[in-house]
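Side chains are part of it too, since the values below use all heavy atoms of this structure and drop only hydrogens, waters and symmetry mates.
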Number of protein chains: 2
Amino acid sequence: MKSLSEIRRAELRRAAFAVLQQQGMAGATLEKVAAQAGASKGIVLHYFRNKQEVFEHAMREANAQLMESIVLRMRQARSPQERLFAIIDGNFAEHFFQPSVCQGWLSLCAAVPHDKTLARIQRVIHARMRSNLVSALKDLVAAKDIEATALGITTLIDGLWLRRSLQGERFTRREALEQMEDYVRARTGLALGLADAFRQASP
Amino acid sequence: MKSLSEIRRAELRRAAFAVLQQQGMAGATLEKVAAQAGASKGIVLHYFRNKQEVFEHAMREANAQLMESIVLRMRQARSPQERLFAIIDGNFAEHFFQPSVCQGWLSLCAAVPHDKTLARIQRVIHARMRSNLVSALKDLVAAKDIEATALGITTLIDGLWLRRSLQGERFTRREALEQMEDYVRARTGLALGLADAFRQASP
DNA sequence: TCAATCATTGACCAATTGGATAATAAACTA
DNA sequence: TAGTTTATTATCCAATTGGTCAATGATTGA
């Protein structure tokens, strides 16, 4: 049983992230967040202490959406290799790997160095991503290479998100998945088949 | 002979980037830029049409500093492999691969989707980086792999810069260079020795 | 039913800020 | 040197915005 208050808070933090996607941090005002949620500005500050808190929850919201995408795939995974696939593929889900979403995310990243709470949230997010990857890689690469490989994968993911932000539709999901595939193959010898959906026919 | 006007403009765009490093886009006000340059706010709008233009020039300035770092190394390079080294190593020059600098850069990236001119500048920057890499890779990897490898390298660089922004000193230059070294080795078989400065002794 | 809590709004305020302008000082030029 | 351009500052203004507050409407619960 969700309290009404919880429902509203969820609506608002989703609205906050939506505004971030369209306007970036610079254009992200409380009034716009309220408008996006179809409410008045007062309501936003009724549910959150201040502007900072609003966008802290927006970051949690964005990450929750990403995790949902990953967990969904993770449930189907039966082997370490499939779990690795799930984590990576989840980061490039079609409805998520969109220019606007990436831009919203980038706006939050840019704010991390100037907001202690955002930094804490970011740390938690990164730790979980690393932990998931390490666990999946345990049986796939040599023990001494696990950490570096996990870091490499998250870093490349971040880089691809950034590129999507900067280039929009000119940088495609397909290119991103091919980059990930190449990287994993080059470093682990595994063929995950991340970009298979784009292949013409099987060779 | 640099005109006085050109000198002032250079001071101001350097000041603008400095403010960006410390305060991010949110805290970047014309007054702070002026203060950073030891002048009054009016002067900033005397030399630049408006706030946008100031930060567009700040982005050019930041890129110019990066290019300087690369060109310096490029002049020593005698082989394709050395040129590849120069490009990558230049992106991680000590005075440049600093949390504050990366944060300033990230702030500008986050603004790209909302400023056409920033987007144009970014496009040029990226095109040149790609072109340099492609030229260096021409004799190092198979023709069909050149484009993807070049893109992979820039993407990983971006990702490492982002990580430096998010984690500050907790993510070291050494780790970054090791990631780049691993990546290039995995994809091209080359050992550039990017992280050699950190090695204890030769094995 | 009635009071008490909660949700929501709109008006208001003080602070910030981008930008314009006019006045002044400095530098240059003929 | 006189006059013209350029550099610089201080002041002012309108717009925006985060945040407060009191008033009002809706829900709930005893």
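At D/dT6, none of the side-chain N or O atoms of B/Tyr47 fall inside 4.0 Å of OP1 or OP2 (strictly under the cut-off).
If you check the side chains of A/Gln65 and A/Glu61, you find a donor sitting under 3.5 Å from an acceptor.
Contact detail for B/Leu192 and B/Glu181: the closest heavy-atom pair is N-OE2, 3.2 Å.
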Using a 4.0 Å heavy-atom cut-off to protein, can you give one letter per nucleotide of nucleotides 17-23 of chain D, 5' to 3': B if the base is in contact, S if only the sugar-phosphate is, - if neither?
SBBB---

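The interatomic distance linking A/Ile7 (CD1) with C/dT8 (P) rounds to 11 Å, in whole Å. B/Ile43 places its CD1 atom 16 Å from the P atom of D/dT11, with the value rounded to the nearest Å. With rounding to whole Å, B/Glu53 atom CD is found 14 Å from C/dG18 atom C1'. Following rounding to the nearest Å, A/His46 (NE2) and D/dG25 (C1') show an atom-to-atom distance of 13 Å. Going from atom CE of B/Met25 over to atom P of C/dG18 covers 11 Å, rounded to whole Å. Separating the CZ atom of B/Arg9 from the C1' atom of D/dT8 is a distance of 16 Å, rounded to the nearest angstrom.
When side chains are defined from C-beta on, B/Phe55 does not count as touching B/Phe48, because their heavy atoms never get closer than 4.5 Å.
Ring centroid separation for the pair A/Phe97 and A/Trp105 does not come in under the 6.0 Å cut-off.
Listed by first and then second residue, the salt bridge (charged side-chain N to carboxylate O under 4.0 Å, His left out) pairs involving residues 25-43 of chain B amount to none (not counting sequence neighbours). Within the structure, the salt bridge (charged side-chain N to carboxylate O under 4.0 Å, His left out) test picks out the following pairs touching residues 71-99 of chain A (sequence neighbours left out): A/Arg73-A/Asp89, A/Glu94-A/Arg173.
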